[in-house]
Amino acid sequence: MLDIKFIRENPELVKQALKNRNLKLDLDAFIKLDSQRREILGKLEDLRAKRNKANDEISALLKEKKDAKDKIGSMKAVSAEINQLENELKEIDVQLDKIILTIPNIPHLSIPVGDPTQNTVMRSWGEKRTFNFKPQTHIDLAQNLDIIDFNRATKITGSNFILYKGWGAKLERALINFMLDLHTSKHGYTEIFPPFLVNRASMLGTGQLPKLEEDMYKLKDDDLFLIPTAEVPVTNIFRDEILDETKLPVYYTAYTACFRREAGTYGKDTRGLIRVHQFDKVEMVKFVKPEDSYTELEKLVANAEEVLQILDIPYRVLMLATQDLSFSAAKCYDLEAYASGLDKWLEVSSCSNFESFQARRANIRFRKKEDRKVDFVHTLNGSGIALARTMAAILENYQQEDGSILIPKALRGYLDGKDRIS
RNA sequence: GGUGGGGUGGCUGAGCGGUUGAAAGCGGCAGUCUUGAAAACUGUUGCGGGGAGUUCUCCCCGCCCUGGGUUCGAAUCCCAGCCCCACCGCCA
């Protein structure tokens, strides 16, 4: 969330940010409520100071065994008034909290303003492969090779779930291991294996709640949620903690399954691996000092790009425009892998800087070495990378005329040296 | 799931209705000593909000798991919830 003081002092800036995100929110009502709160709080604090002083006096009288009845009697009215003001304050606080949790982060000035058509291609890497036959989609390829069973996944669970089989399952596992190994051994990340279920506080901390509750799988009996991304459990590792500056930056990487209801997207990408309710992903999460977060973002994107480069999959990097930016992000790059069969760019990674937005919600701070003061860290995360769509890109880009799939060189070591699925 | 015990500052831990924001110890920071370090000694050391002032202090309010309640007054008493520990039961 944003700093309420910042909102108070820069209302026009916040309004402009909301407008750039194409969001309607009555900020003036919020600001008015906030000033009401401050007025009540002022009165309340004066009364409490009065009460505290009287308490000391009563205490002193009783100690000297003198009569304090009058004093005690006169404080009853003050206490009643305090009580009433406290109730008023509580009510306003509830309303303020409700609103501030729905105010998104302020987009960074460097990003384009507008709808997704304003997303900017920053760079492209690799050449689209040319075929002397008509390339198939990953759906046909996988079914013919019997490495993904879409129909039985639907039988077991429902539509848009995946059942990998045989070399399909092994290839998935190889990809996970390859990515984790790359990030831990070469990029300096520490591997984490977190819970796949998280509580409400964690979901609030990273900003999935309250806005996106309908997109989340939820366990009603326990008030737990299936994670939509490892970002949630991993960022919340340090919720309500104060880190030592010397420990920063912290780099974590984690494999998890990700669960998304994708409510309201029916009819879009309904076949294959493109939009599924459960997919695997290797995620990178960083906790950094505020002044470093934008250079850390560039490094994060580079780490994700390297996965695609080693797999030799053509991709492009997009800087998202204000209306395409997720709720908590200040700046975000998407990586899109090219899939030859579908002839489409597939989003396989999102790398974002949240600045202090998540840290403030999750109360993640650090103590500065110089003056021993505490401040919020900046958090970042990026997919490194998402598996299902990467699988689709591999199948489509590495397909051969006979329908077999060449295995990318970097993965062969994870697959008994096998070079082809046929 | 059952029974019992417990949640206090960075940590250990005392307090169990009235100068207690909280003893003591450890840790951290600064100083003395030392060529330097260690040891010893001395001092200092929570977070959030608001105000006066303006780079240095001062004042006020809140915070002893969370949320209610009792009371002139709650870390301390009562209720609910969450979490932790021990034992029993169940179990991959």
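Labels below follow one simple rule: chain letters A, B, ... track the order of the sequence lines, proteins then strands, and each chain is numbered from 1. Computed over heavy atoms, backbone and side chain alike; hydrogens, waters and symmetry mates excluded.
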Partner nucleotide of [N] by Watson-Crick or wobble geometry (both distances under 3.5 Å):
N     : answer
B:U71 : none
B:G43 : B:C29
B:U54 : none
B:G17 : none
B:G36 : none
B:G1  : B:C88

message: Using a 6.0 Å cut-off, check whether atom NZ of A:K43 has over 12 heavy atoms from anything other than its own residue.
response: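 No, NZ of A:K43 has 12 or fewer neighbouring heavy atoms, counting only those of other groups under 6.0 Å.
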
query: NZ of A:K418: more than 12 outside heavy atoms within 6.0 angstrom?
result: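 Yes, NZ of A:K418 has more than 12 neighbouring heavy atoms, counting only those of other groups under 6.0 Å.
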
Centroid separation under 6.0 Å, is that true for the rings of [Y] and [X]?
X      : Y      : answer
A:H378 : A:Y294 : no
A:F327 : A:F357 : yes
A:F238 : A:F287 : yes

What is the separation between atom [atom1] on [X] and atom [atom2] on [N], rounded to the nearest whole Å?
X      : N     : atom1 : atom2 : value
A:K247 : B:G10 : NZ    : P     : 14 Å
A:N199 : B:G81 : CG    : C1'   : 14 Å
A:D223 : B:G81 : CG    : C1'   : 13 Å
A:K71  : B:U71 : NZ    : C1'   : 18 Å
A:D240 : B:C82 : CG    : C1'   : 14 Å
A:I4   : B:G48 : CD1   : P     : 16 Å
A:K368 : B:C29 : NZ    : P     : 18 Å
A:K43  : B:G50 : NZ    : P     : 19 Å

Distance check, [atom1] atoms only: [N] and [M], in whole angstrom units.
N     : M     : atom1 : value
B:G13 : B:A23 : C1'   : 10 Å
B:G68 : B:C11 : P     : 25 Å
B:C16 : B:C78 : C1'   : 14 Å
B:G81 : B:A86 : C1'   : 22 Å
B:U57 : B:G10 : C1'   : 26 Å
B:A24 : B:U44 : P     : 12 Å
B:C83 : B:C47 : P     : 29 Å
B:G67 : B:C59 : C1'   : 31 Å

Less than 4.0 angstrom between a side-chain N/O of [X] and OP1 or OP2 of [N], yes or no?
X      : N     : value
A:R8   : B:G50 : yes
A:S79  : B:U71 : no
A:R365 : B:G48 : yes
A:K76  : B:C72 : yes

field: Selected nucleotide, minimal atom distance to A:R37 side chain, candidates B:G50, B:G49, B:C72
entry: B:G49

Closest to side chain of A:R367, choosing from B:C72, B:G46, B:G51: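 Comparing B:C72, B:G46, B:G51 against the side chain of A:R367, the answer is B:G46.
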
- prompt: For A:R38 and A:I242, take the nucleotide of RNA chain B holding the closest heavy atom to each; which residue's nucleotide lies nearer the 5' end?
  reply: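 The 5'-side residue here is A:I242.
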
field: Toward the 5' end of RNA chain B, by each residue's nearest nucleotide, A:N87 or A:N55
entry: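 So the residue in question is A:N87.
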
- prompt: Are the charged groups of A:R260 and A:D215 less than 4.0 angstrom apart, N to O?
  reply: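 So A:R260 does not pair with A:D215 through a salt bridge.
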
field: Ion pair A:E214/A:R261, N-O distance below 4.0 Å
entry: no

message: Could you tell me if A:Y315 and A:E305 have a donor-acceptor pair between their side chains, going purely by distance under 3.5 Å?
response: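 There is such a pair between these side chains.
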
query: Among A:E245, A:E296, A:E355, which one satisfies salt bridge (charged side-chain N to carboxylate O under 4.0 Å, His left out) with A:K289?
result: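 Of A:E245, A:E296, A:E355, salt bridge (charged side-chain N to carboxylate O under 4.0 Å, His left out) with A:K289 is met by A:E245 alone.
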
- prompt: Are A:K286 and A:Y251 in a cation-pi setup, meaning NZ or CZ lies under 6.0 angstrom from the ring centre and within 45 degrees of the ring axis?
  reply: yes

statement: Counting primed atoms, P, OP1 and OP2 as sugar-phosphate and everything else as base, the B/S/- map of nucleotides 54-68 of chain B against protein heavy atoms under 4.0 Å is ------SBS-----S

message: For a quick check of understanding: with a heavy-atom distance under 4.0 Å over all strands, which category does A:V374 fall into, base, sugar-phosphate or nothing?
response: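 The residue A:V374 makes sugar-phosphate contact but no base contact.
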
